[in-house]
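First the structure, in the form of structure tokens, and then the observations on it.
If you're wondering where the values come from, they're calculated on a predicted model, not measured in any experiment.
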Amino acid sequence: MLVERGWSEVRDRVRRVNRELAGRTRRAVRLTRQRWRSAPPRQRQTWRLLASSTALGLAVAGTAVAVAGPWDSGQRTAERARAAAGERGSGADHSGDDAAGSAPRVLAELRVEAGTGPGTGGAKNVPAPKPAALADALRPLLDDPALGTVRTASVVDAATGRELFAERAARPTTPASTIKLATAAAVLSARGADHRIETRVVRAGAEAERIVLVGGGDPTLGGEDLEELAEDTADSLTGDGGSDDSPPEVSLGFDTSRYSGPDRHSIGPNPNLAPVSPLMVNEARLDDSRHGPAPRATEPAREAAERFAEELREAGVETTGKLSKTEAGGQPKELAVHRSAPLSALVERMLTHSDNDIAEALARQTALADDRPASFEGAGKAVERRLAKLGLPTEGVRIADGSGLSRDDKVPAALLTRILELATEPERPALRPTLTGLPVAGFSGTLDSRFPDAEGGAGLVRAKTGTLSGVSTLAGSVVSADGRQLLFAFMTTGADDRAGSRAALDELAAELANCGCR
């Protein structure tokens, strides 16, 4: 009996794999045909030439590899031998135990450079900046009139956690988008870096002809994901008794019960944030953008369900009746599921591009993990609670949303630097994306057009930006001229000149990068 059941499970698994491969092949062929048919003749000729050139290039490269070998793990053995004879950390180890460039190793190297890693004699090799010298360098910059009426600041030594400079650092002020650091730390602590958000298709109770698309809170669900979800659903329906000769017919509903409360932010309709829904496609954007302001659907869940119905028809499943909002209820049978990228990747994307839709979704994931209502209020309270559990200073903290669009948010600069400091600690690897997601000055995300040169901090500063009318903030990490990792938060309110206040904050961060201050 056990043997028979084992073979049955293997057979079912093989069938599922075959259906998945067949579905992917159909999608690829259909997409290729559509692109070929829609392309003009000149474009088709270009593709033919490209294919020929690629084949020739591969042949030449293969010959070169054979001549230059032997190879091992993607590296010529002669080069590896020379590297092994060189200094430690040259990249000769290809064991794969710790992927090159992973966050823990990068931060470990930063600590070694800063004189705090194993075998470096603690912090003796590279002294930390002296607080008095740091104050002499920063206070004149904080006096810049462009910074407005309220200016707070905190600078912390990452190696020791010691605050080296403070300017009303405990005063809660409006953080704007730097509050996303709190959202990141909270959700990573609550859910874990590897958690994935599920979008499911289930049967509605005992009704074999009714299915429900259940939103789980993934704002990054894309059109191709929806297509794959539809094809997997079609395969499940066919396997449940349908046939190719008689395509199954179903009625379709969509479930948004995972969230509660209003779906509109207090700022009202805004191109920076869609109505907050657990079911949406590409953040409900009505254009091809992936981040930044964009026109949004007014009913993201209904639009997603309508697109899903179209994909079902493409996959051979007819939908009948009226599309309706419903709840799956109970423990429905799952027909198909799509899982988002891990939270580590979502956090990095949120921080790099200051993505408000992802921020609100992650705040609600924190609430769900703590069995709180997944609403603006419930998510804010859940994030506050998580920060307190991490041992962070939360006195006077008020979190009204996950994105920082609300002026009711109040956070002190000292909290932001403490969040960043926790993310550097080796015993807290789950929080590492809070650092690795920070934009790089002059190169990526919301800092790609700031810090124009190396002397001004380009490539040296990594920081989360924050901007509202009259509010400018900047919080992140920098390695000083002496190789010491410093964590900082600069916050200002009441600034009339947005460009001027940004430039003044950038100058403060650049000063940290270029100042040994000893």
Side-chain angles (χ1 to χ4, degrees), residues 174-177 179-180 182-184 186-187 190-191 197-199 212-221 253-286 291-307 323-329 340 346 350 354-387 397-411 466 468-469 471:
T174 304
S177 280
I179 204 172
K180 291 183 174 73
T183 303
V187 74
R191 286 293 202 197
I197 304 172
E198 294 185 347
T199 303
V212 180
L213 177 62
V214 183
D218 176 15
T220 66
L221 181 74
F254 60 96
D255 186 341
T256 61
S257 61
R258 198 150 176 79
Y259 288 179
S260 59
D263 62 356
R264 286 287 188 186
H265 193 282
S266 59
I267 61 173
N270 192 287
N272 290 292
L273 179 66
V276 182
S277 169
L279 178 62
M280 60 174 65
V281 177
N282 190 29
E283 301 180 347
R285 296 173 181 272
L286 298 178
H291 52 80
R296 310 301 183 104
T298 56
E299 295 185 80
R302 181 171 294 277
E303 184 207 40
E306 290 172 350
R307 291 183 62 175
L323 179 67
S324 60
K325 184 176 180 180
T326 185
E327 290 189 22
S340 72
L346 296 183
M350 171 189 70
S354 199
D355 193 301
N356 298 310
D357 299 277
I358 295 178
E360 296 300 344
L362 296 184
R364 281 157 181 74
Q365 287 297 315
T366 307
L368 292 168
D370 287 348
D371 294 323
R372 289 179 176 270
S375 61
F376 282 104
E377 182 178 0
K381 294 296 183 184
V383 171
E384 291 176 19
R385 180 172 176 269
R386 275 287 159 179
L387 297 179
V397 169
R398 166 78 193 284
I399 297 181
D401 62 9
S403 60
L405 289 171
S406 175
R407 292 180 179 275
D408 292 334
D409 293 321
K410 300 297 177 185
V411 167
L468 292 172
S469 178
V471 176

**Report entry** Atom of N272, atom of D357 and distance for their closest heavy-atom approach
**Finding:** O-OD2, 4.1 Å
Requested in this report: Any chance you could measure Q365, atom CD, to L346, atom CG, to the nearest 0.5 Å?
Outcome: 9.0 Å
Report summary line: Nearest heavy-atom contact between R398 and D408 is CG-O, 3.2 Å
Requested in this report: Work out which heavy atom in T256 is nearest to a heavy atom in A301; give both atom names and the distance.
Outcome: CG2-CB, 3.4 Å
Requested in this report: Report yes or no: does N282 contribute a side-chain atom to a donor-acceptor pair with the main-chain N or O of A284 at less than 3.5 Å?
Outcome: no
Query raised in the report: What do the steps show when you test R191 against L368 for side chain to side chain contact (heavy atoms under 4.5 Å, CB included), and what is the final call?
Result: CA-CA 9 Å; R191 286 293 202 197; L368 292 168; 3.5 Å; yes
Requested in this report: Ignoring hydrogens and angles, state whether a donor on the side chain of D401 or H265 is under 3.5 Å from an acceptor on the partner side chain.
Outcome: yes
Query raised in the report: Quick one: are I358 and E283 in side-chain contact, heavy atoms under 4.5 Å?
Result: yes
Requested in this report: Look up atom OG in S266 and atom CG in L405, then write down how far apart they are to the nearest 0.5 Å.
Outcome: 8.5 Å
Requested in this report: Considering non-hydrogen atoms only, spot the tightest contact between A359 and G402 and give its length.
Outcome: CB-O, 3.4 Å
Query raised in the report: Under 4.5 Å between any side-chain heavy atoms of L221 and M280, yes or no?
Result: no
Query - Close side-chain approach of L387 to I399, heavy-atom, < 4.5 Å - result: yes
Requested in this report: Decide whether K410 and T174 meet the rule of one side-chain donor and one side-chain acceptor closer than 3.5 Å.
Outcome: yes
Report task. Verify, without hydrogens or angle tests, whether D409 (side chain) and A400 (backbone) share a donor-acceptor contact under 3.5 angstrom. Result -> yes
Query - Check: R296 side chain, P271 main-chain N or O, donor-acceptor pair, under 3.5 Å - result: yes
Query raised in the report: Among side-chain atoms of K180 and S177, is any donor-acceptor pair under 3.5 angstrom?
Result: yes
Report task. Check whether any side-chain heavy atom of F254 sits under 4.5 Å from a side-chain heavy atom of T326, and report yes or no. Result -> no
Query - Where L468 and G404 come nearest, the two heavy atoms and their spacing - result: CD1-O, 3.7 Å
Query raised in the report: Do the side chains of E299 and P275 get nearer than 4.5 Å, heavy atoms only?
Result: no
Query raised in the report: Once you round to the nearest 0.5 Å, how far does NE2 of H291 lie from CZ of R285?
Result: 8.0 Å
Report task. Answer yes or no on whether R264 is positioned over the face of F376, meaning its NZ or CZ is under 6.0 Å from the six-membered ring centre and within 45° of the axis. Result -> no
Report task. Tell me, with the steps shown, if V214 and T199 meet side chain to side chain contact (heavy atoms under 4.5 Å, CB included). Result -> CA-CA 6 Å; V214 183; T199 303; over 6 Å; no
